[in-house]
Amino acid sequence: MEAFDPAELPELLKLYYRRLFPYAQYYRWLNYGGVVKNYFQHREFSFTLKDDIYIRYQSFNNQSDLEKEMQKMNPYKIDIGAVYSHRPNQHNTVKLGAFQAQEKELVFDIDMTDYDDVRRCCSSADICSKCWTLMTMAIHIIDRALKEDFGFKHRLWVYSGRRGVHCWVCDESVRKLSSAVRSGIVEYLSVVKGGQDVKKKVHLSEKIHPFVRKSINIIKKYFEDYALVDQDILENKESWDKILALVPETMHDELQQSFQKHHNSLQRWEHLKKAASRCQNNSKNDKCGPWLEWEIMLQYCFPRLDINVSKGINHLLKSPFSVHPKTGRISVPIDLQKVDQFDPFTVPTISSICHELDVISTKEEEKENGAESDIKHRTRDYKKTSLGPFVKVFEQFLENLDKSRKGELLKKSDLQKDF
Amino acid sequence: MQFLGGNRRKLRLADDQRNACYPHSLQFYLQPPSGNISLIEFENLAIDRVKLLKAVENLGVSYVKGSEQYQSKLEAELRKLKFSYRENLEDEYEPRRRDHISHFILRLAYCQSEELRRWFIQQEMDLLRFRFSILPKDKIQSFLKDSHLQFEAISDEDKTLREQDIMASSHSLGGVQLELESVYKIPFADALDLFRGRKVYLENGFAYVPLKDIVAIILNEFRTKLSKALALTARSLPAVQSDERLQPLLNHLSHSYTGQDYSTQGNVGKVSLDQIDSLSTKSFPPCMRQLHKALRENHHLRHGGRMQYGLFLKGIGLTLEQALQFWKQEFIRGKMDPDKFDKGYSYNIRHSFGKEGKRTDYTPYSCLKIILTNPPSQGDYHGCPFRHSDPELLRQKLQAYKIPPSGISQILDLVKGTHYHVACQKFFEMTHNVDDCGFSLSHPNQFFFESQRILSGGKDFKKESVQPETPQSKLSVQRSKDASSALASLNSSLEMDLEGLEDCFSEDSW
C-alpha cells in the first residue's frame, strides 16, 4: 500500500473528489427518496479546509451542486449536521429564533481513547490489532441492542478513519426523536460509569437486566482471547493489582499469593472465578459470585459511549467516505456480516486508491489508446479500486432503506385505498 | 347541560345523561367545562379546590405518600369537600362535576407564574396519583381507554413468553407472580423514564410495562400536558383578567397558596429597630433567629443571608430607611467603611425594596423556597435549620433555645422524616407553650405573625392595615370578609358564562 503523506493531501483530494467519491450513492442516502420536500436542501454540512479553516452551515440544492462545491473547495474533512427548518446557507436571512434544527440520524461515536484505562498495548490515538477487538465487541453489543431492543432497522456502521467507529441510525422515526429520548437511549446503553477518580466503574444489581445479560454473553465469546491472551490483563503484579482494585478487600491476600503460583492470565482468571464463588457477601457494594466476574469483564470490555455526540440534534459528525487528514484512511462502511474480519489496517488510504486509479488508468489508456471519455470512467472509477467493496456495503444499506420506504408508502396507500 | 343561577329551579338531566358526562371518578381534564354557573358557585368551587390542594400538600409533608394514614386522611378531605374520589358510590355526578369545573377555574389563577404553576401541577399530580391508586383493577383498562391512552394489556401467552425477561427488568415486581400482574406494551419512547434507567424490558421498540410503572408514565403524561395547558392559559389570561368580576377573585386565590406572600405594606413602620433584638428571641422563626445572631456577632452576612433575612425584615414591617440604617449600623461595627457600604450594599437593599433596576418588589421567601433553593455552605447562615443543619448541631441549637429533651427528640424525628414544616411548628408550640399551634406553617413571616398574635393576647396584629388578601390563619382557606364583600358589591346573581373561558383552555392538542 502506498504510504500516506499528509503534504500530498491537496492533490490527492482533488483526484478523490473528481473521480472516486461516490456522489450518487451519497445523495441517494441523504435525499431519503425525496419523500419530504427540501430534506436534502435543508441539511447542514460543514467543511474543514486547508490550514484548518472551518466553515459551517453549508447546504446544497442537489447532487450536482454538492459535487461542484466539493470539487471547488476540496475539503480536508466533511461533517454532516442536522436537517433544519430553512436552508442552512441562508440562515442569516431567517428571523431570529426561527432557524431550528428539526431532524437528524441518531449517531454514536465509540473512541478507543476512552478505553485507555483498560488497554495495555496502546494509548490515546494509537490502535493495534490487540485492542481493536474492543471495537468489534462494541459493534456487536450496541448493534444487537439497537436492532433487537429498540427495533431500529437501518444502522450504518462506519470506521472513523483512525481510532474508532461511528454508527448512523437512519430510520424515519428515529430521525425525528427528541434530544431527551436520544439521551435516554445512551443511558440505557451505558454500563461503565465514572472518570479517572473512580476505580470500580461497574456495579451490577441483583437482578440483571436482559440487555446486560445479553451483552455479557457477547463479551464471553471474546474475553479469553482478547483479555487473557492479547491484553494479558493478569500478566504480572502491576497489571493484576488493577484487577484486585475491583475486588473485595477480603480476597486480596489470598489472590496475591495464588497469582504468584500460577503461570499465566488464563490460570489466574480461573482461580479468580473460583475464589469469587466462595467468598461471602459482606457489604452491599461488594458483590461476589458470578456478579464479580461479570463486573470485571464489563469494565474491561463493555462499550463506552460519548453522550454528547448522540444527544444533540444539531451535533455534527464526520461524514462516511470522508478522509482522515492524519492517517489518510477513508471512513468506510463496515459490513455487519463480517464485523469480526474487519481490519482497520487494511482500510484503503486516499493515497493508495489514488495510486490504484493511476495504475488502472494508465493500463486502460494503453489498451484503448486513450479514446474513452472521462465521464464513463468517472462513474465507475471507485469500483476499480479497493474502495469498491465498501461502496457495495453502502449500496446494500441504501437498498434496505428503499425497500422500507416502498413498504411504508404501500401501507399508506392501502389505508387510503389508492390503486 | 344548562344551569340557571340564582333563584330559578335547576333543570335536572336524566340519569344516564349525567353518567355519560363523567364516566369515571377521576379524569385528566382534557375538556374544559361548558354551561353557565353563578358567580357565587364559581367562587365557592375555586376556594374549595384550593382547600383541597392545600390539604394534599400538607398531608404530603406530614405523612408518607401512599401510607395508610395518608390515604385515609386524603379520602376524608375529599369527602368533606364533596369532590369525587371513588367509583361505585351513590350519586357521583355532582362531586365529579365540582371536580371538573374547579380544576379549570384554578388553572386561571395558577398559570400566572412559574412558582404557582409548579405548585399547582405538583398537587394535582399527587391528587391524581391517589385517585388512581384506589381505582379497582377492572376499571383501569376502561379508564385508560376513555382517556385515549394507547396502553393495551398484553395477553397471558405473550406474558409467559417473556416472563423471565420482564421479571429481570422491572424493579416494581419484586417477588410477585407475573400471572397476577397486568403488563402493558407501549412504544419505547413513551416510557422514557423507565427505559433510560433500564427499569423495563424492551423488545423490538416496545416497552413491556407492569401496571405499577404505568402509573408513573401516566403521571408524567399528565404533567407534560398540564404544563403546556397552563402556558397556553397564561397567554389568554389578559382577556380574562379584564373581566372585573373575575379579577379580584383570581388574585385572591393565587395569593392564598402560600397563605400570603407577606409583601403587603400593611405592617409598614410598626416595628422599631430597637425592638428587633428582643423580637428575634421571642417571635422569629429559628432560621431568622440564627441569621440575626450571626449578623450581630460577625457584623456581616453573606449574600444568601442578606437576602433571606432582609426580605423577612421587610415583611415584618421595616421601611427602606429603617433597613438601610439597620444594616449600615451593623456593618460599620464590623469596621466597614461607611462609603463602602453606601457603594456596595445600599444599592442592593434598595433593589430588594423595588427602588432600583427593574423595580420588582421582592417578596419574602416562603419556607419551601428556603428549603429547596440555594443550600448554605461553609460561612453561610441562611437556609432552614431543620433542613440544612446536621442533626447533632440542631440538637445543640435546640438545647440552647431551652427546648425540653422530649420536644427535641420529637423535632429530630420529624426532621428525619423530612417533615421540616411540622418540625418548625413543633418548635413554635414548645416556645409559645401551646399544644397546637393552630396553623399550617409555610412562611417565616407567618411564624412571626402568629407569634405576635399569641403574645399580644390573641388580638390580631395590626389587623386594620391588612389588605383584602387576608392572611390564612387556619389550615383551610377561609373566605375572608373582605373578599366576599368585594364580590357582594357585584350583583351576585350574575351568571358566569363558562364557554367564554373555554378559549383559554383549548387548543388542538390536549
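Chain letters run A, B, ... following the sequence lines, proteins first and then strands; every chain starts at 1.
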Student: For A:Y39, enumerate each residue passing the ring-ring contact (aromatic ring centres under 6.0 Å, His included) test, keeping only those at least two apart in sequence or located in another chain.
Tutor: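 In terms of ring-ring contact (aromatic ring centres under 6.0 Å, His included), with neighbours along the sequence ignored, A:Y39 is linked to A:Y32.
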Student: Which heavy atom of B:L192 sits nearest a heavy atom of A:V181, and at what distance?
Tutor: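 Here B:L192 and A:V181 meet closest at CD1-CA, 4.0 Å.
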Student: Please rank A:L189, A:V186, A:I185 by heavy-atom pairs under 4.5 Å with chain B and give me the top one.
Tutor: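 Sorted descending by pairs with chain B, the first entry is A:I185.
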Student: Could you give the distance from NZ (A:K207) to NZ (B:K199), rounded to the nearest 0.5 Å?
Tutor: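 These two atoms lie 12.0 Å from each other.
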Student: With a cut-off of 6.0 Å (strictly less than), are more than 12 heavy atoms of other residues, nucleotides or ligands near NZ of A:K147?
Tutor: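 Not buried by this count: 12 neighbours or fewer within 6.0 Å.
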Student: Report the C-alpha separation of B:R198 and A:V212 in whole Å, then their side-chain angles, then the decisive distance to 0.1 Å, and conclude whether the side chain to side chain contact (heavy atoms under 4.5 Å, CB included) test is met.
Tutor: CA-CA 9 Å; B:R198 284 197 300 271; A:V212 177; 3.7 Å; yes
Student: Under the ring-ring contact (aromatic ring centres under 6.0 Å, His included) test, which residues partner B:F195, sequence neighbours left out?
Tutor: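 Partners of B:F195 under the ring-ring contact (aromatic ring centres under 6.0 Å, His included) test: A:F150, B:F188.
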Student: Taking atom CD of B:E163 as the centre, does the number of heavy atoms from other residues, nucleotides or ligands within less than 6.0 Å exceed 12?
Tutor: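 Enclosed.
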Student: So which heavy atom on B:L202 is nearest to which on A:D149, and how close?
Tutor: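 Minimum heavy-atom contact is CB-O, 3.6 Å.
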Student: With chain B, which of A:F211, A:F152, A:Y188 has the greatest number of heavy-atom pairs at distances under 4.5 Å?
Tutor: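 Highest number of heavy-atom pairs under 4.5 Å: A:Y188.
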Student: List the atom of B:S169, the atom of A:H209, and the distance in Å for their closest heavy-atom pair.
Tutor: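 What the structure gives for the nearest pair is CB-CD2, 3.5 Å.
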Student: Out of curiosity, A:S190 OG to B:R196 CZ, how far, rounded to the nearest 0.5 Å?
Tutor: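 Output value for this atom pair is 11.5 Å.
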